[in-house]
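Inspection log for the structure reproduced underneath, given as structure tokens.
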There are 2 protein chains.
Amino acid sequence: MEIKSDTEKLILEAARKVFTEKGLDGARMQEIADRANINKAMLHYYFRSKDKLFESVFKAAFNEFWPEITKSINESANVEDFLKRAISSYVDLFMDKPFLPIFILSEVNRTPDRLESLIREGGVNPHLIVEYLKEQMDLGKLKAMDPKELLVNVISLCIFPFAGKSLIERMIFQGDKESCESFLQERKKSIYEFLKPLIIANN
Amino acid sequence: MEIKSDTEKLILEAARKVFTEKGLDGARMQEIADRANINKAMLHYYFRSKDKLFESVFKAAFNEFWPEITKSINESANVEDFLKRAISSYVDLFMDKPFLPIFILSEVNRTPDRLESLIREGGVNPHLIVEYLKEQMDLGKLKAMDPKELLVNVISLCIFPFAGKSLIERMIFQGDKESCESFLQERKKSIYEFLKPLIIANN
DNA sequence: GTCTATAAAAGGATAGAC
DNA sequence: GTCTATCCTTTTATAGAC
């Protein structure tokens with residue numbers, strides 16, 4: 001990891017906010033400069049182009065997803081514990097960075113090729129989780145099913161309500177911000193409760 | 001419903017494709033014109049501005065979500081049937097229009113106010129579904145829980161895998177397009193199977 | 001490293017002929 | 001209604017002084 005100047009960090013933080021809120025196409029270099037309280041020319045001095053700057057932001061955002069799940073899988077005594085920890089840490093992450101899910105989803109959707117290099121270089125491997133779930137099923141700790149399907153379902157339950165927050169807030173909670181917010185916060189527990197029928201108790 | 005000229009329909013169809021694939025900010029009027037095999041000036045002749053054209057497309061896209069669910073709720077004999085039908089018709093819809101979910105999610109996220117008028121004028125009311133689910137719980141046909149939570153969970157399971165298709169294809173199916181596609185197609189059945197523990201059999 | 005000023009290009013919108 | 005040509009604003013990117 002190379003050393004980053006303070007200015008560089010300022011720019012990256014401002015760029016992170018603007019890009020995640022408005023997307024690559026909607027973001028303006030001027031706004032990034034303004035939020036970083038520096039000159040627009042500095043953005044090019046440090047990152048050459050808008051696209052290069054975006055690349056840095058996207059990479060950092062993408063990598064926010066993995067440390068938590070890796071930790072959860074390594075430090076958990078059993079599946080129950082694993083699910084509880086993983087769900088809880090993702091809900092925390094998205095409460096803190098509400099734009100993260102939709103940002104990644106929509107940029108990957110627009111330009112899927114951007115993923116390739118990140119997947120190769122990053123130490124990310126969802127297949128490990130699939131293997132883990134399969135093991136637990138074989139051990140009789142989880143109801144047997146396609147482990148990929150289970151993974152996708154858990155991810156869906158964790159991510160979608162945050163990606164669709166504005167929609168849910170207005171359509172299901174009739175615009176009541178507080179109710180919606182506490183509903184999302186509650187998902188830390190409720191997702192696990194919802195999944196409980198899948199878990200086979202030790203006895 | 002006013003009568004639309006052929007040209008107008010051509011423009012709307014081209015605009016639908018370009019906007020849903022690239023978003024409001026990423027779309028180019030030139031590309032819409034090209035795909036409609038028509039001059040750029042015509043776009044302005046028929047719709048005045050990019051934003052007005054977008055509005056038309058967005059409204060039509062948003063309204064694609066509701067007829068199915070309304071039909072499902074009215075024509076189903078019981079909850080089981082309702083869930084099966086609703087899930088199945090949404091999977092069909094998203095297989096056919098893969099960009100629809102992420103398009104709506106990201107545009108609503110960017111500009112939530114756009115929803116207000118659509119919700120008011122459109123005969124949309126998710127609250128009816130919440131009420132229906134609550135009734136079924138009271139009747140002992142569904143496991144008791146917060147009906148809003150159930151609704152959000154079902155929606156999550158139906159929509160997320162399509163919104164995150166590129167991500168899932170590359171990260172969970174290692175780039176195997178066909179496997180991913182058939183996995184998504186299978187969700188017509190598998191989502192319902194996954195939800196089965198919630199359903200209380202009649203006897 | 002940081003700034004001001006400006007080039008260069010893109011993209012939305014309009015005028016006016018047919 | 002449809003086209004070509006063009007205007008005008010926005011936005012990315014660079015040159016060059018300090």
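What you see below is based on every heavy atom in this structure, not just the backbone, and it leaves out hydrogens, waters and symmetry mates.
- In this structure, F58(B) and F103(B) have perpendicular ring planes: the angle between them is above 60°, well past the 30° mark.
- Atom CG of L43(B) and atom P of dG11(C) are 14 Å apart (whole Å).
- Across the protein-nucleic acid pair, I32(B) atom CD1 and dA10(C) atom P stand 18 Å apart, rounded to whole Å.
- In the set dT2(C), dT2(D), dC3(C), the nucleotide with an atom closest to the side chain of N39(A) is dC3(C).
- Across all strands, M42(B) comes closer than 4.0 Å to base atoms (heavy-atom distances).
- With R110(B) contributing its side chain and K22(A) its backbone, the two residues share a donor-acceptor pair below 3.5 Å.
- Rounding to whole angstrom units, CG of residue D51(B) and P of dA13(C) are separated by 8 Å.
- Atom CZ in R48(A) sits about 6 Å away from atom P in dT14(D), given to the nearest Å.
- Within 4.0 Å of F47(A), counting heavy atoms only, lies no atom of the nucleic acid at all.
- Taking every side-chain heavy atom of A41(B) into account, dT14(C) is the closest of dG12(C), dT14(C), dT14(D).
- With dG12(C), dC3(D), dG1(D) as the candidates, the nucleotide lying closest to the side chain of K40(B) is dG12(C).
- Of the charged side-chain nitrogens involved, none lies within less than 4.0 Å of a carboxylate oxygen, so that E55(B) and K52(B) do not count as a salt-bridged pair.
- Straight-line distance from the CZ atom of R28(B) to the C1' atom of dT10(D): 11 Å, rounded to whole Å.
- Counting any heavy atom pair closer than 4.0 Å across all strands shown, S49(B) reaches sugar-phosphate atoms only and no base atom.
- For the pair D25(B) CG and dG12(C) C1', the computed distance is 13 Å after rounding to whole Å.
- Taking only side-chain atoms of H44(A), from C-beta outward, the nucleotide of dT2(C), dA15(C), dT14(D) with the closest atom is dT14(D).
- Between the NZ atom of K22(B) and the C1' atom of dG11(C) there is a distance of 14 Å, rounded to whole Å.
- Phosphate proximity of dT2(C) to T7(A): present, with a side-chain N or O under 4.0 Å from OP1 or OP2.
- Proximity of a side-chain donor or acceptor of R16(B) to a complementary backbone N or O of V57(B) within less than 3.5 Å is not detected.
- Within 4.0 Å of A33(B), counting heavy atoms only, lies no atom of the nucleic acid at all.
- As a whole-Å value, the separation of L53(B) CG from dG11(C) P is 16 Å.
- Phosphate contact (OP1/OP2 of dT14(C), side-chain N/O of Y45(B), threshold under 4.0 Å): absent.
- Using a 4.0 Å cut-off between charged nitrogen and carboxylate oxygen, R85(B) and E68(B) do not count as a salt-bridge pair.
- Between the side chain of K50(B) and the base of dG11(C), no donor-acceptor pair under 3.5 Å is found.
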